[in-house]
Q: 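Please read through the structure below; I'll follow up with questions.
Just so you know, ligand 1 is whichever comes first in the structure, and atom 1 is the first atom listed for that ligand.
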Amino acid sequence: MSTSSTPNVFTAALSRLDKARRFATPDGELIERLQQPLATLQVAVPVRMDDGSLRIFQGYRVRYNDTLGPTKGGLRYHPAVDLNEVQALAFWMTCKCAAVGVPFGGGKGGVVVNPKELSRLELERLSRRFIQQIAGFIGPDTDIPAPDVYTNPTIMGWMMDEYSRLQGRKVPAVITGKPIPLGGSLGREDATGRGAYYCIKEFERIHGWHPADIRIAVQGFGNAGQHVARLLHADGYRVVAISDSHGGVFCPDGVEVPEAIRQKNATRGLADVYCAESVRNCEHCTRVGTKAISNADLLELDVDILIPAAMENQITAANAARIKARTIVEVANGPTSPEADEVLHGHGIQVVPDILANAGGVTVSYFEWLQNRAGLYWTEAEVHERLRQIMVTAFQGIHGRMREHQCDMRTAAYAHALDRLNAAVEAQGTYSYFNHH
Ligand code: GLU
């Protein structure tokens, strides 16, 4: 089992419950259940490489909690994946589904690999072999994977096909985020970014923002980062900085977002799976005043809204005091450490927590799963409207709760999640229930 030298992201994730339980009324049994995953599977994934050699990758799938429904969550391909991270991500999925009211539990998986080093065929063999290894652990009524960092619809399509082959029948509902012709949902591609966009629109309404006055920095230009930047730019917001794993650009007049997306994706290597191009080289950005910046610089820019849309642990005790944004919208999972939360709260910085801000992805995954099971497909407008309703209802419930308890929005979101989980645990019968009968 690999161990992580970074601070234990799973323990840090669990610590959020301690703060939130004061504002909810969770039964002690629920808190106990949430301390560890229901089940963890670690597998070896042997893959024949193009040069004939054999490489064995480590893979994980964690089913964290199924109180509210089958476990649900993405699959990540990244060299830094380890069990701790997957457990934290699966815990967050549990709280995310509960916070927004999607009838799923939480799960997550990952493979320790740098997928950018693989050929397309190696990537396909890895994806199919991983599914063979976890096929007994997942299923449309038990645990339903989806895309996450460095995985995408093409990979979900291979995985669905492999699972269906093993079952001897088509099982589209085993995985979400599939390509549209293979049973994917319209509106799933931009759902994570769109959900975050709907949260920002709520703030716009509450605070009377004028989009042209609002400067935004987006860290990470993958699926979620690109779409949230695109939607905000189209609304007249000023996206002044973007970055990806190679670094970023700061453009005080505003980045031409559609052009940046076009350039970033123009050189998708490996046949539409990964981009070789970086936003660093965006030609359109070579306007006066544009400069190259690092990912660390981007976080500390003088902007109104900061959108971390990359990896966890970006805003920590080390840099929290230097954050100038007034609002942070967490499109990534776990970008802010618990220590940083305290500092940001002390500085009056509003944080829309990951389990709300990025819940659009799993919400439309839920729609995809429903459509697969019904065999009836929705229009894109229908998906957008239903997503908007779920996001706005969750945002307002959590925002109202934050005001009521005078706490930060993350604590309110966890309290919201705990109440929903608790109602289900109580309905199943807890110690106090059995003690009275
Ligand atoms: N990986 C996404 C997340 O972290 C989506 C999960 C899903 O659609 O099941 O929320």
Q: Note the single closest protein heavy atom to atom 9 (O) of ligand 1, along with its residue, its atom name and the distance in Å.
A: Lys72 NZ, 2.8 Å
Q: Relative to the heavy atoms of Met93, which atoms of ligand 1 are at a distance of less than 4.0 Å?
A: 3 (C), 4 (O), 6 (C), 10 (O)
Q: Can you name the closest pair of heavy atoms from Gly334 and Trp92 and give their distance?
A: CA-CH2, 3.5 Å
Q: Considering only heavy atoms of Pro147, which atoms of ligand 1 have at least one such atom less than 4.0 Å away?
A: 1 (N), 2 (C), 5 (C)
Q: List the atom of Ala135, the atom of Leu166, and the distance in Å for their closest heavy-atom pair.
A: CB-CD1, 3.7 Å
Q: When you measure from atom 10 (O) of ligand 1 to every protein heavy atom, which one gives the shortest distance, and what is it?
A: Lys96 NZ, 2.6 Å
Q: Considering only heavy atoms of Gly361, which atoms of ligand 1 have at least one such atom less than 4.0 Å away?
A: 8 (O)
Q: Which atoms form the tightest heavy-atom contact between Ser243 and Asn295, and what is the distance?
A: OG-OD1, 2.6 Å
Q: Should Asn333 be counted as touching ligand 1, given the test is an N or O pair under 3.5 Å?
A: yes
Q: How close do Ile175 and Pro145 get, counting heavy atoms only, and between which atoms?
A: CG1-O, 3.3 Å
Q: Below 4.0 Å from ligand 1: does a non-hydrogen atom of Ala191 turn up there or not?
A: no
Q: Enumerate the atoms of ligand 1 whose separation from the nearest heavy atom of Asp148 is less than 4.0 angstrom.
A: 1 (N), 2 (C), 4 (O)
Q: Decide yes or no on side chain to side chain donor-acceptor pair (under 3.5 Å) for Asp190 and Tyr197, but give the supporting numbers first.
A: CA-CA 10 Å; Asp190 75 358; Tyr197 164 77; over 6 Å; no
Q: Where the closest heavy atom to atom 7 (C) of ligand 1 is concerned, which of Ala146, Ala359, Gly177 has it?
A: Ala146
Q: Does ligand 1 have a heavy atom under 4.0 Å from the side chain of Arg76, from its backbone, from both, or from neither?
A: neither
Q: Of all heavy-atom pairs between Arg188 and Val364, which one has the smallest distance, and what is that distance?
A: CA-CG1, 3.6 Å
Q: For Gly73, counting its heavy atoms only, list the atoms of ligand 1 lying under 4.0 Å from any of them.
A: 9 (O)
Q: Between Arg188 and ligand 1, does any nitrogen or oxygen pair lie at a separation below 3.5 Å?
A: yes
Q: Which ligand 1 atoms, with their elements, are less than 4.0 angstrom from a heavy-atom of Ser365?
A: 7 (C), 8 (O), 9 (O)
Q: Check whether the side chains of Asn358 and Glu330 place a donor and an acceptor atom closer than 3.5 Å, and report yes or no.
A: no
Q: Tell me whether Ile144 has any N or O atom under 3.5 angstrom from an N or O of ligand 1.
A: no
Q: Give the atom numbers and elements of ligand 1 that come within less than 4.0 Å of a heavy atom of Lys108.
A: 1 (N), 3 (C), 4 (O)
Q: I'd like to know whether Tyr414 forms a ring pair (Phe, Tyr, Trp, His ring centres under 6.0 Å) with Phe23, so could you lay out the CA-CA distance, the side-chain angles of the two residues, the decisive distance to 0.1 Å, and finally the verdict.
A: CA-CA 9 Å; Tyr414 276 92; Phe23 302 113; over 10 Å; no
Q: What is the distance from atom CE of Met93 to atom CG of Leu89, rounded to the nearest 0.5 Å?
A: 9.0 Å
Q: When you measure from the side chain of Asn152 to the backbone N and O of Ile155, does any donor-acceptor pair fall under 3.5 Å?
A: yes
